[in-house]
Protein chains: 2
Amino acid sequence: MTGAEILPVEEAGIEDGKTGLSFGKFERSAGFLLRIAQLTVFERMFAELKDGHVKIGEFTILLAIAENPGVRQGAMADVLKIKWSNMTKLVRSLEERGLVERFVPPHDRRSVELRLTEEGRKLLETFTPLMFEADRRSLPMLSDEEHATFLALLRKVSGWPPL
Amino acid sequence: MTGAEILPVEEAGIEDGKTGLSFGKFERSAGFLLRIAQLTVFERMFAELKDGHVKIGEFTILLAIAENPGVRQGAMADVLKIKWSNMTKLVRSLEERGLVERFVPPHDRRSVELRLTEEGRKLLETFTPLMFEADRRSLPMLSDEEHATFLALLRKVSGWPPL
DNA sequence: TATTGTTATACTCTATAACTATA
DNA sequence: TATAGTTATAGAGTATAACAATA
């Protein structure tokens, strides 16, 4: 179903290589390009990991917990830009699958602290190398130098300090 | 583009990484960083559209039609990575709001060609400049040179030819 | 037979408000 | 009163399959 016909482009609009569709001035838009790039990379990156062990969002949560043991659930939700109400279900699901432990500390019994179980740790250790291979392999068009520059700029855009 | 007013990071509502959470090795992942960067920039860029005129996806469709008048509906769906079944509802909604015209050409009466109405054109012309201002302003942390490099790398990653 | 588009449906993500229990 | 988390629900966005009309 990729029957996209080549359209004549009157003006000096830049054509998409595959389809012949132009996006005019917006091909100079960082936001627009970021969206296309993100979709493109994610498609490549998770193509091999589609076997259903963990979803992208769940993997990110496991990672955040692994890197920040005992992190409070709400604080993690804020950082990942996930609503508290939605985080509840996500964490509960991970708990039910034996990947995450929820702990209510006595000093503040409103809160919930999160840690990985041994199984969660194993799962993360299994998939992390695959993710990194896929991550680099999803950008075959960039030289090592360009890749490094790209990462540095993305960090800057995301408001993170240089490596 | 020139020495325009650059918003301070805090005012721009961009995460400053002072949240205390770490993402370890994944702060070197292009896919992960792309997702964060895209969310950040999009939030900023489409703040103008939050007033209920059109949604982000609808704006993109209007743009694609404007740049490719008479584009076939399915071809556009393929490029924007939207399923045909979902594109139907989207286009119909835009048609009902008087922004898009659907035309069944006699030479192939299975297909649907899309064009903007005058109202659709007006709406696009109203919001496009705002989008571009927001686009550049959403990246206050990049110098003009870095911005140009960033765009070039994003184009490369997305499989598009250099400008 | 293949292509174009539609309908129906379901599943995930996300968004909002009301609620609890603790502080 | 304010904070941390939960529940319920509704709305997007996205996915698949069955279908009709046309080529």
Side-chain angles (χ1 to χ4, degrees), chain A residues 1-7 19 35-36 38-39 42-43 46-47 50 52-61 65 70-97 100-114, chain B residues 19-21 35-36 38-40 42-43 46-47 49-61 65 70-97 100-114:
Chain A
M1 302 297 187
T2 56
E5 52 184 309
I6 303 295
L7 294 174
T19 62
R35 176 170 157 79
I36 301 292
Q38 196 253 304
L39 286 174
F42 260 50
E43 204 169 88
F46 293 99
K50 284 277 184 181
H53 293 88
V54 275
K55 297 171 197 164
I56 299 178
E58 293 175 335
F59 187 89
T60 307
I61 290 175
I65 297 175
V71 63
R72 206 171 44 71
Q73 179 172 315
M76 186 178 68
D78 289 342
V79 172
L80 297 180
K81 296 189 178 178
I82 297 174
K83 298 271 176 281
W84 288 17
S85 52
N86 297 323
M87 184 58 85
T88 297
K89 286 178 295 184
L90 284 168
V91 168
R92 284 287 168 82
S93 169
L94 292 171
E95 185 191 30
E96 284 167 13
R97 280 182 278 164
V100 165
E101 274 177 353
R102 294 165 10 96
F103 172 70
V104 175
H107 60 79
D108 185 349
R109 304 207 344 265
R110 297 171 302 179
S111 63
V112 175
E113 294 180 357
L114 302 174
Chain B
T19 55
L21 258 68
R35 176 171 157 78
I36 301 291
Q38 195 254 301
L39 285 175
T40 304
F42 248 52
E43 201 171 277
F46 288 99
L49 296 180
K50 288 284 185 182
D51 304 344
H53 296 87
V54 280
K55 298 170 199 165
I56 298 179
E58 293 176 336
F59 186 88
T60 307
I61 291 175
I65 297 175
V71 63
R72 203 170 48 68
Q73 178 172 313
M76 187 177 67
D78 289 340
V79 172
L80 298 179
K81 299 188 177 177
I82 297 174
K83 297 274 176 277
W84 289 16
S85 52
N86 298 323
M87 185 58 84
T88 297
K89 286 178 295 183
L90 283 168
V91 168
R92 283 286 170 81
S93 169
L94 292 171
E95 184 191 28
E96 284 166 12
R97 280 181 279 165
V100 164
E101 274 177 355
R102 296 167 9 100
F103 173 69
V104 175
H107 60 79
D108 185 348
R109 302 203 349 260
R110 297 171 301 180
S111 64
V112 175
E113 293 180 358
L114 302 175

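Every chain is numbered from 1, with letters handed out A, B, ... down the list of sequences. Just so it is clear, the model here is predicted, and its values are computed rather than measured. Below, each value reflects all heavy atoms present in this structure, side chains not excepted, and no hydrogens, waters or symmetry copies.
Using a 4.0 Å cut-off, some side-chain N or O of K83(B) falls inside it from OP1 or OP2 of dA15(D). Residue R72(B) places at least one side-chain N or O under 4.0 Å from the OP1 or OP2 atom of dT4(C). Between dT7(D) and R92(A), a contact under 4.0 Å exists linking OP1 or OP2 to a side-chain N or O. Of the side-chain N and O atoms in T88(B), one or more sit less than 4.0 angstrom from OP1 or OP2 of dT6(C). Checking the phosphate oxygens (OP1, OP2) of dT3(D), no side-chain nitrogen or oxygen of R109(A) falls inside 4.0 Å.
Separating the CE atom of M87(B) from the C1' atom of dT3(C) is a distance of 17 Å, rounded to the nearest angstrom. Note: CH2 (W84(B)) to P (dA18(D)) measures 18 Å, nearest angstrom. One can place NZ of K81(A) at 16 Å from C1' of dC13(C), the figure rounded to the nearest angstrom. If you measure from atom CG of L90(A) to atom C1' of dT6(D), you get 14 Å, rounded to the nearest angstrom. Between the P atom of dC11(C) and the NZ atom of K89(A) lies a distance of 14 Å, rounded to the nearest Å. Following rounding to the nearest Å, L80(A) (CG) and dT14(C) (C1') show an atom-to-atom distance of 14 Å. The CD atom of Q73(A) sits 12 Å away from the P atom of dA4(D) (whole-angstrom rounding). Spacing between atom CZ of R102(B) and atom P of dT4(C) amounts to 16 Å, rounded to whole angstrom units.
In the set dT6(C), dC13(C), dA4(D), dC13(C) carries the atom at the smallest distance from any side-chain atom of K55(A). Here the nucleotide nearest the side chain of D108(A), chosen from dA23(C), dA21(D), dG5(C), is dA23(C). Picking from dT14(C), dT22(D), dA15(D) the nucleotide with the shortest atom distance to the side chain of S85(B) gives dA15(D). Listed nucleotides dT22(D), dA4(D), dT16(C) differ in distance to R110(A); the shortest reach to its side chain belongs to dA4(D). Out of dA23(D), dA15(D), dT6(C), the shortest distance to the side chain of N86(B) is found at dA15(D).
The side-chain contact (heavy atoms from CB on, under 4.5 Å) with I61(B) is formed by just one residue from the set V54(B), L90(B), I56(B); it is L90(B).
At least one side-chain heavy atom of L114(B) sits less than 4.5 Å from a side-chain heavy atom of R102(B).
Salt bridge annotation for E58(A)-R97(A): present, with a cationic side-chain nitrogen under 4.0 angstrom from a carboxylate oxygen.
Remark: E101(B) engages no residue in a salt bridge (Lys or Arg N to Asp or Glu O under 4.0 Å) (not counting sequence neighbours).
Atom CZ of R72(A) and atom CG of D108(A) lie 8.0 Å apart (nearest 0.5 Å).
Projected onto DNA chain C by closest heavy-atom contact, P106(A) and I82(A) fall at different nucleotides, the more 5' of which corresponds to I82(A).
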